[in-house]
Amino acid sequence: MKEEKVIKKWLKNELSKEELEAFKELDAYPTYIKLSEQARHFKAPQFDEQSSIKSLKSQIEFKQQGASKRKKMYYYYAGIAAILVLGFFIFNTIESVSGLTSFETKIADTEHIILPDQSEVDLNASSTLNYVSNQWDTKRTLELDGEAYFEVTSGSKFTVNTTYGTVEVLGTKFNVKSRTYGFEVTCYEGSVAVALNDKEFVLKQNDQLLYDSSSIQKKKIEKKSPDWKNKYTTLKSRTLEQVLEEFSYYYDVDFDVKGINTSRLYTGSFPHNNLEIALKSITLPLELTYQMNDKTVILSNK
Amino acid sequence: MKTPKTLFKNCCEQAVFSNLHQKYAKDLHDFIYYKFGSAYNPKDKVQEAFMKLWENCEKIAPDKAKSYLFSVANNTTLNVIKHNKVVLKYETNSRPSSSDHQDPQFILEEKEYLNKYQKALSKLTEEKRVTFLMNRAEGKTHKEIAELLGISRKAVEKRIYTALEQLRKEIQEI
């Protein structure tokens, strides 16, 4: 047992002087020494790391070339797959385009639309409304250019997209006006969320959001439904240019505004069903005169 | 040098791979050599193991690479052997000693002795032979061997000792 300990220590090169003497006393001492010394003859042959890594690297490169060839094939297959997917997609789109329902109103024209979920839309004059009817069950999304009044039955999210921003509701009554000169959302019942310029505005009952290129305003209204439904338009502090734009949605006339200042502000209302009264409603407060020439209205200062 | 554990998640980086090769290729080669002898071309096994490591580099963390390399090299060699009991043949790579003035009889005796030694070595278990030769022929410390083979230092000590005793008895008997 003691012998074993000494030998183990010797194998670890940890013998002290006395222990070394004791080790040398052992009968088998020369045998151990010889065994240990002769072991070197069985040393593994030289291993050339350099040539090993070199040949490894060339193998790796070779394989990578093969892989890149395979990759080219992948691209080829990916190309085919992409074409198939694209084809499928186009087919699908065509299908959904075929499900695209579109409404367009002409000047002075309005339209009452009942959506698949029994929500109602009143589309004002000179406006377009699009939606994908076969996706309506999953996605209640509309695109509006112009003005429309919505009475939405409660259900999933109902979204109105306009060039200015989006209006989201769950079920409520609201009006969206998206015209060239500005954007207006009015909430008559419930609440709606308006996403505009990366901001979100929440409108409660009787709230109105007014947006034009210069400002965003929120104000209270008292009316129960939009004026246009009662066939007139009320404008507040709008430039004459904007007023005439609004006018053109209801009357098929052109204006000749040479010689007058179109940036003057107008506040007032005009009816949609009587051209003469409508023209007077605008010109009288601004102290202008008008002259009809076929379909052109010439405006001039008094 | 420590294996960059946090720096690299896998062995796909060329630098990591080269570093692993530098660290382990020789030990791996020696391990296979001592375990299976020269007949199974340890150099090829090293190459195979490193190629496998490269192919699977994404799945292997650098600190796991060593054990991966050793088990791959071990297994690929075993696959070739296919469980046949083999007679190990070591190449004695240097002449007994600078031979000029040696007594011919002494040379003969030395040769005899090495033959016996070789036979005795081949009778050792693989574990014992690898450990013993890594220590005595390669000059690796107990600690280094323990790390390389993933065993305790105590186990290394025991293996070397029993190998020595077994060799001594074998050679005496022959």
Side-chain angles (χ1 to χ4, degrees), chain A residues 1-16 19-20 22-71 73-74, chain B residues 14 17-18 21-22 25-34 37-38 42-43 46-48 50-51 53-55 88 90-96 110 113-114 116-118 120-121 129 132-139 141-143 153 156-158 160-165 167-169 171-172:
Chain A
M1 196 59 208
K2 207 188 159 199
E3 221 173 273
E4 186 185 327
K5 225 178 178 180
V6 171
I7 294 165
K8 277 184 180 170
K9 274 201 168 181
W10 165 68
L11 285 168
K12 280 196 279 187
N13 290 328
E14 282 174 3
L15 285 180
S16 63
E19 284 168 329
L20 189 65
F23 179 56
K24 281 180 177 169
E25 295 290 302
L26 292 175
D27 291 342
Y29 167 72
T31 328
Y32 288 127
I33 295 295
K34 192 165 192 191
L35 269 170
S36 175
E37 271 182 2
Q38 296 298 321
R40 71 187 156 89
H41 292 301
F42 299 98
K43 194 178 181 324
Q46 277 285 314
F47 181 75
D48 188 348
E49 264 173 39
Q50 289 302 318
S51 74
S52 172
I53 190 83
K54 234 182 183 173
S55 102
L56 263 175
K57 277 183 176 163
S58 68
Q59 274 189 61
I60 286 165
E61 254 167 51
F62 180 74
K63 287 223 169 169
Q64 270 171 347
Q65 272 171 6
S68 69
K69 256 181 218 160
R70 253 179 285 146
K71 241 180 207 167
M73 285 305 280
Y74 287 148
Chain B
Q14 279 256 357
F17 186 75
S18 297
H21 183 271
Q22 199 196 338
K26 189 192 178 317
D27 288 339
L28 186 59
H29 168 263
D30 295 351
F31 169 76
I32 296 298
Y33 180 85
Y34 293 134
S38 56
K43 277 177 193 163
V46 171
Q47 295 266 313
E48 273 174 49
F50 273 95
M51 276 315 288
L53 175 70
W54 181 256
E55 279 158 18
L88 287 156
Y90 292 96
E91 289 161 359
T92 50
N93 50 10
S94 64
R95 298 262 92 217
E110 283 288 272
Y113 179 80
L114 282 177
K116 285 181 192 171
Y117 204 150
Q118 186 170 305
L121 276 171
R129 183 170 55 248
F132 179 79
L133 287 173
M134 275 190 169
N135 180 243
R136 292 290 118 182
E138 214 56 49
T141 66
H142 286 46
K143 191 184 166 211
R153 276 196 241 178
V156 175
E157 184 183 291
K158 199 177 173 197
I160 297 172
Y161 173 75
T162 50
L164 182 76
E165 285 300 317
L167 286 169
R168 188 172 64 89
K169 281 171 193 160
I171 291 170
Q172 268 174 357

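Chain A is the first sequence line, chain B the second, and so forth, proteins listed ahead of strands; every chain is numbered from 1.
Residues passing the side chain to side chain donor-acceptor pair (under 3.5 Å) test with B:Glu138, sequence neighbours excluded: A:Lys43, B:Lys26, B:Tyr34. Residues that satisfy the salt bridge (charged side-chain N to carboxylate O under 4.0 Å, His left out) test with B:Lys43, not counting sequence neighbours, are absent from this structure.
Distance check, rounded to the nearest 0.5 Å: OH of B:Tyr33 to CZ of A:Phe42 gives 8.5 Å. Between the NZ atom of B:Lys158 and the CD atom of A:Glu4 there is a distance of 8.5 Å, given to the nearest 0.5 Å. Between the NZ atom of B:Lys143 and the NZ atom of A:Lys12 there is a distance of 14.0 Å, given to the nearest 0.5 Å. Rounding to the nearest 0.5 Å gives a distance of 4.5 Å between CG of A:Leu35 and CD1 of B:Ile171. Rounding to the nearest 0.5 Å gives a distance of 6.0 Å between OG1 of A:Thr31 and CZ of B:Arg168. Taking CD of B:Gln47 as the start and OG of A:Ser51 as the end, the distance is 7.5 Å to the nearest 0.5 Å.
Taking B:Met134, B:Glu165, B:His142 one by one and counting their heavy-atom pairs under 4.5 Å with chain A, the maximum is reached by B:His142.
Contact record, B:His29 with A:Ala44: CE1-CB, 4.3 Å, taken as the closest heavy-atom pair. Scanning all heavy atoms of the two residues, the minimum distance from A:Ala39 to B:Ala137 falls at O-CB, 3.5 Å. Residues A:Ser36 and B:Arg136 approach most closely at OG-NH1, 2.9 Å, considering heavy atoms.
A salt bridge links A:Lys34 with B:Glu110: the distance from a Lys NZ or Arg NE/NH1/NH2 to an Asp or Glu carboxylate oxygen falls below 4.0 Å.
The closest side-chain heavy-atom distance from B:Trp54 to A:Leu56 is not below 4.5 Å. Side-chain contact between A:Lys8 and B:Ile160: absent, with no pair of heavy atoms (C-beta onward) separated by less than 4.5 Å. Residues A:Tyr32 and B:Leu167 have side chains not in contact (no heavy-atom distance under 4.5 Å, counting atoms from C-beta outward). B:Leu114 is listed as a side-chain neighbour of A:Gln38, based on a closest heavy-atom distance under 4.5 Å.
Both the backbone and the side chain of B:Ser18 come within less than 4.5 Å of a heavy atom in chain A.
In this structure, the side chain of A:Arg40 does not engage the main chain of B:Gly139 through any donor-acceptor pair within 3.5 Å.
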